[in-house]
Amino acid sequence: MEAAASRNSVPAERARPFFAFVLAVITVAALLGAVPLARLPGQVADLPAAFWVMAGLAVLVDARPFTPPGRRQSSAVFPSTCFTFAIMLGWGLAPAIAVQAAAVVVSSWRMRHVWWRAAFNASQYAIALSAAYGVSRLADLEKIGWGDVAVVAAAAAAWFVVKYGSVTIAVRLLFGGRWWAMFRQGLPFELLSMGALLLLSPVLLAAAQASAALIPLVVVPLYAVYRMARLSTEQEERSRVDPLTGLANRKALLGEVADQVPAHAERLANGGTDGHLALLVLDLDRFKHVNDALGHAVGDRLLVEVGGRLTGVVRPGDIVARLGGDEFAILAPGLAGVEDARDLAARVVEALAEPVALDGLPLDVSGSVGIAVYPAHGEDFATLLRHADVAMYDAKHRGDTVAVYAPESDHNSPERLSLLADLRRTLDHTGSREITMYYQPQIAIDTGEVVGVEALLRWRHPRHGMVDPEELIRVAEQSAVMRLLTRRVVDDVIEQVAKWSAAGLDLRAAVNVSVRDLHDGEIVDQIADLLVRYSLPAERVQLEITESALMADPRRVLATIARLDKIGVAIALDDFGTGYSSMQHLRRLPLAEVKVDRSFVLGMATDADDAAIVRSVIELAGALGLRVVAEGVEDERTWRLLHAAGCHVAQGWFYARPMPAEELVAWLSRYRALKPNGPTEEPA
């Protein structure tokens with residue numbers, strides 16, 4: 001009953017223009033059909049058996065019309081069209097209008113249409129048949145030639161344009177939105193289904209002229225058209241449904257947003273209070289732990305349960321979708337503003353607060369929700385989804401459950417996306433010289449000996465010049481480009497270390513890697529292959545990782561680090577003191593050194609607290625047998641304080657700035673070791 005009620009209801013604010021159009025269509029149909037129908041009683045006695053067979057079949061087949069899903073519910077497939085168009089071609093306009101009206105009565109009864117809708121549908125057919133009849137009079141249907149076939153096709157086109165156009169106008173008046181968008185929405189399906197029915201009509205008429213007994217045979221191809229339409233729609237429906245949860249998928253969500261946006265734009269333009277549309281993106285926390293600990297089958301059941309809970313808290317008319325993995329989305333139309341979206345997000349969070357019991361095991365489910373609202377945060381699906389994603393990650397970063405999109409949280413500006421595309425193109429060209437490595441010496445404080453270098457990435461953009469290294473990493477690390485970048489860096493650095501080794505320079509090079517690089521064993525295999533290729537000892541390569549990388553996914557990162565340690569590649573913990581659970585990591589990890597973050601080193605000469613932190617880190621690392629490297633050493637006083645504190649290695653502008661490989665060789669040739677107990681002088 002709900003479906004029937006929705007087909008028969010008209011929003012109060014749209015009733016006046018909609019019913020005015022309905023009345024206009026009925027009036028035009030009455031004017032066009034009045035004279036032909038008045039003459040019909042005199043024609044009935046002369047109508048042949050073929051006509052009556054067609055008329056009976058037309059009414060019979062419309063007892064079960066096929067209505068495709070979606071908002072164009074008035075645009076159903078009525079098989080009677082084939083018979084009534086053939087009747088119009090063979091016996092004139094009035095018999096066709098009368099039979100079509102009878103078929104409409106039957107189909108309207110089956111579909112529970114109200115009287116005005118039945119009258120409106122019959123009137124649309126009457127006008128379409130009148131237009132087609134006017135065109136068909138140009139053909140000689142007694143002896144059909146090629147020109148006559150073209151006329152019949154033109155008549156079918158006239159029928160289609162009138163019928164489909166009137167339906168489109170009605171749908172637009174009923175639901176709002178742009179007329180052209182409404183017109184295109186169902187056009188491919190309608191052309192295929194209705195075109196097949198209309199163009200089958202002249203074949204049916206030719207068969208009827210031979211023998212009325214041949215007419216029922218057309219039911220078979222009509223059934224084929226019916227099945228084709230149904231199978232096509234079922235396939236389309238399956239392509240819009242997530243197979244695991246039964247929820248809408250990304251494709252369905254995209255289509256729904258495209259449908260809803262024009263209507264909401266019209267509401268806002270008319271001063272409506274319900275013209276906002278919210279897209280909420282939910283990402284579950286720790287879902288991977290469930291898959292790893294209990295298996296994917298349990299994880300799938302958990303996703304189904306989450307989908308059910310989301311469906312239970314949304315309003316009628318809201319769309320719940322699964323975007324993939326453990327990410328869900330909710331489309332909420334007809335909102336007054338952001339606060340309504342926040343209320344919905346709060347209900348979602350509350351619904352997930354209760355543990356999910358699977359096989360007697362209670363599983364805690366929580367997540368972060370990002371909100372983007374039309375039109376303030378975007379006017380199309382792609383923009384709204386991206387901004388909702390940004391808000392969701394902002395919520396995760398802040399440890400919150402809900403966040404509304406804010407431009408200042410969006411690091412994916414058009415400029416940055418353009419820069420990312422340029423970076424990918426550069427990496428795809430292996431011979432490109434835009435990406436280069438600079439090297440900063442690392443000096444043993446006690447002896448002044450150069451014990452290694454840190455490899456630092458530089459990108460000279462053809463238009464923007466030298467790109468800031470931090471900006472470069474921010475651009476790459478949230479995308480698959482980071483893996484390509486790391487591969488290029490590791491290749492270049494190990495090749496350079498091999499060249500130095502062949503020239504008699506035994507330097508260790510430290511390379512920074514991101515959390516993405518440590519999620520699988522690819523980087524381990526790459527380094528192992530390169531060490532074999534260049535016959536290079538593993539101790540000549542060192543990887544630097546940050547504590548934040550460890551915290552992102554400790555289990556997978558630790559597994560990769562263990563493999564690196566096994567092949568002899570040293571690991572350094574970078575930016576030490578700025579992450580989390582530092583003491584635990586120092587105890588558990590196979591580390592060779594820790595690097596004191598430059599933010600502490602830079603201030604230790606003037607800030608007692610920074611100096612105390614640096615001394616504490618050095619003492620702790622020394623107790624654990626780890627080498628300590630201080631980065632950001634820029635003056636003599638800091639250098640001497642580090643020596644007094646027992647720091648092993650220093651790097652910074654006090655010794656040398658980062659430089660290309662060829663400049664480093666020249667710098668090494670003129671470098672004179674600087675010892676704390678010797679005479680004070682600036683390094684060369």
Side-chain angles (χ1 to χ4, degrees), residues 1-7 66-73 185-186 189 227 229-260 277-288 290-291 294-334 341 344-345 347-371 381 384-385 388-389 392:
M1 291 297 294
E2 291 182 3
S6 67
R7 287 193 293 265
F66 171 60
T67 304
R71 289 173 51 189
R72 292 192 65 102
Q73 290 177 347
Q185 184 181 7
F189 177 83
R227 289 299 300 167
R230 179 167 292 278
L231 290 173
S232 174
T233 302
E234 289 174 354
Q235 184 178 8
E236 174 67 15
E237 286 182 308
R238 284 194 297 270
S239 73
R240 298 165 65 89
V241 173
D242 174 56
L244 175 63
T245 61
L247 300 173
N249 61 12
R250 185 184 296 262
K251 178 181 178 181
L253 195 63
L254 186 155
E256 191 64 29
V257 171
D259 287 348
Q260 294 279 5
L277 177 77
L279 184 62
L280 284 66
V281 171
L282 165 70
D283 185 79
L284 300 181
D285 297 330
R286 300 177 298 278
F287 175 73
K288 184 181 180 301
V290 175
N291 273 343
L294 303 177
H296 288 277
V298 174
D300 288 348
R301 290 168 60 195
L302 179 61
L303 292 175
V304 172
E305 177 65 25
V306 169
R309 291 193 180 187
L310 295 179
T311 304
V313 299
V314 300
R315 308 165 305 159
D318 292 350
I319 306 295
V320 180
R322 179 179 174 228
L323 299 178
D326 60 345
E327 195 171 52
F328 295 82
I330 299 173
L331 181 67
L344 176 57
R347 295 200 301 272
V348 168
V349 172
E350 184 180 356
L352 298 179
E354 184 71 21
V356 176
L358 295 177
D359 298 331
L361 180 66
L363 300 176
D364 287 326
V365 182
S366 62
S368 301
V369 181
I371 301 172
F381 174 74
L384 287 170
L385 181 61
D389 260 332
M392 183 267 292

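Only heavy atoms go into these numbers, but all of them, side chains included; no hydrogens, no water, no symmetry mates. Position 1 is the first residue of the sequence; numbering continues from there.
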Chemist: Would you say the side chain of Leu352 lies within less than 4.5 Å of the side chain of Ser366, judging by non-hydrogen atoms?
Modeler: no
Chemist: How many angstroms lie between CG in Leu277 and CD in Gln260, if you round to the nearest 0.5 Å?
Modeler: 6.0 Å
Chemist: With a 4.5 Å heavy-atom cut-off, do Glu327 and Leu282 have their side chains touching?
Modeler: no
Chemist: Within the structure provided, determine whether Leu303 and Leu284 are in side-chain contact (heavy-atom separation under 4.5 Å).
Modeler: yes
Chemist: In chain order, what residues pass the salt bridge (Lys or Arg N to Asp or Glu O under 4.0 Å) check against Arg315, with sequence neighbours excluded?
Modeler: Asp318
Chemist: Please find the pair of heavy atoms, one from Met392 and one from Val281, that lie closest to each other, and give the distance.
Modeler: CG-O, 3.9 Å
Chemist: Walk me through whether Asn249 and Arg240 qualify under side chain to side chain contact (heavy atoms under 4.5 Å, CB included).
Modeler: CA-CA 5 Å; Asn249 61 12; Arg240 298 165 65 89; 4.1 Å; yes
Chemist: For Ile330, run the side-chain contact (heavy atoms from CB on, under 4.5 Å) check against Val313, Ile371, Leu253, Val348 and tell me which one passes.
Modeler: Val348
Chemist: Determine the minimum heavy-atom distance between Leu344 and Ala332, stating which atoms define it.
Modeler: CD2-CB, 3.7 Å
Chemist: Using 0.5 Å steps for rounding, measure from the CD1 atom of Ile319 to the CG atom of Leu279.
Modeler: 11.5 Å
Chemist: Once rounded to the nearest 0.5 Å, what's the spacing between atom CG of Leu323 and atom CG of Asp283?
Modeler: 10.0 Å
Chemist: Taking the side chain as every heavy atom from C-beta outward, state whether Val298 and Leu363 have any atom pair closer than 4.5 Å.
Modeler: yes
Chemist: Where do Ala278 and Leu280 come nearest, in terms of heavy atoms and distance?
Modeler: CB-CD1, 3.9 Å
Chemist: Does the salt bridge (Lys or Arg N to Asp or Glu O under 4.0 Å) test come out yes or no for Arg309 and Glu305, once each step is laid out?
Modeler: CA-CA 6 Å; Arg309 291 193 180 187; Glu305 177 65 25; 3.3 Å; yes
Chemist: Look up atom CG in Asp259 and atom CG in Leu254, then write down how far apart they are to the nearest 0.5 Å.
Modeler: 10.0 Å
Chemist: Going from OG1 on Thr311 to CG on Leu247, what distance comes out if it is rounded to the nearest 0.5 angstrom?
Modeler: 5.0 Å
Chemist: Any idea which heavy atoms bring Val369 and Ala345 closest together, and the distance?
Modeler: CG1-CB, 4.0 Å
